[in-house]
Amino acid sequence: MLSTAGILGALSVLLMFIEIPIFPFASFLKYDPSALLIIASLLLFDWRTAVFSLLTKDIVFYFVKSGDIIGVSMDFVAILTFISVLAFLKLNMNKYIKYIISSIMVGIAMVLMNMVIIPIYFKMSFSDAAKYFGLSTWTLIITIIAFNMIKFIANGILGDLLYNRIKNFFS
Ligand code: RBF
């Protein structure tokens with residue numbers, strides 16, 4: 001199980017190279033499909049195994065590609081929040097509703113995280129950073145929520161599709 005989790009984590013590093021800034025005016029927010037393998041890891045195994053895949057992914061990605069500890073950590077916190085809320089929600093609930101609720105929670109958590117991190121990362125206040133991107137403070141907040149919802153609903157659906165294709169190999 002742990003070796004499969006590690007393999008999923010390592011494979012997801014490849015997917016992390018596909019980085020798409022969904023909102024060009026806030027290009028520090030980059031969509032990548034790698035979280036789908038972490039979500040598949042959660043559905044196949046359990047929370048701890050998914051966290052292991054996630055740690056593998058972000059540590060390897062840090063050394064192989066990014067060297068940006070803040071960016072990688074933000075991705076880590078966002079995915080950790082998503083899989084934790086998902087694991088916490090009751091099983092007898094429509095899975096798409098679970099993805100939507102979890103992604104809203106990630107959006108809220110990441111607005112707070114960005115309010116702390118953006119002043120460190122861009123060396124200007126959150127509202128100055130918003131102006132710098134050509135946005136108002138509120139539009140930046142909405143952009144962060146929208147980015148995280150798109151990232152996690154898309155990856156939730158993709159992770160679920162993959163899980164349904166491969167689950168029989170693991171039972
Ligand atoms: N990733 C997310 O999934 N949600 C976020 O809210 C988020 N905020 C970020 C804020 C900053 C300042 C940086 C540098 C990165 C952030 N990331 C976030 C991670 C980013 O989208 C990307 O995955 C990493 O930079 C790795 O290339």
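As the structure lists them, so they are numbered: ligands from 1, and atoms in each ligand from 1. Because the structure is predicted, anything quoted here is derived from the model rather than measured.
Note that OG1 of T49 is 10.5 Å distant from CH2 of W47, once rounded to the nearest 0.5 Å. One distance of note links CG of L11 with CG of L14; it measures 6.0 Å at 0.5 Å rounding. Rounding to the nearest 0.5 Å places NZ of K95 at 9.0 Å from OH of Y163.
Selection from F122, F147, F28, F152 by nearest heavy atom to atom 11 (C) of ligand 1 gives F28. When the heavy atoms of D32, N148, V72, N155 are ranked by distance to atom 6 (O) of ligand 1, first place goes to N148. Of the candidates K65, M113, K30, it is K30 that places a heavy atom closest to atom 22 (C) of ligand 1.
Checked by distance only, ligand 1 and K151 come closer than 3.5 Å through their nitrogen or oxygen atoms. Considering backbone and side-chain atoms together, E19 places an N or O closer than 3.5 Å to an N or O of ligand 1.
At a 4.0 Å cut-off, not a single heavy atom of Y31 sits close enough to ligand 1 to count as contact.
At the shortest separation from atom 10 (C) of ligand 1 among protein heavy atoms lies N114 OD1, 3.0 Å. Here the heavy atom of the protein found nearest to atom 17 (N) of ligand 1 is M74 CB, 3.5 Å. If you check which protein heavy atom lies closest to atom 7 (C) of ligand 1, you get L29 CD2, 3.5 Å. Summary of contacts: the protein heavy atom closest to atom 14 (C) of ligand 1 is Y121 CZ, 3.4 Å. Nearest protein heavy-atom contact of atom 24 (C) of ligand 1 is G71 O, 3.4 Å.
In this structure, the side chains of S53 and L37 stay at 4.5 Å or more apart for every pair of heavy atoms.
More than 12 heavy atoms of other residues, nucleotides or ligands sit less than 6.0 Å from atom CZ of F122.
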- Query: Between F76 and F61, is a ring pair (Phe, Tyr, Trp, His ring centres under 6.0 Å) present by the stated rule, with each step listed?
  - Reply: CA-CA 11 Å; F76 179 85; F61 183 75; over 10 Å; no

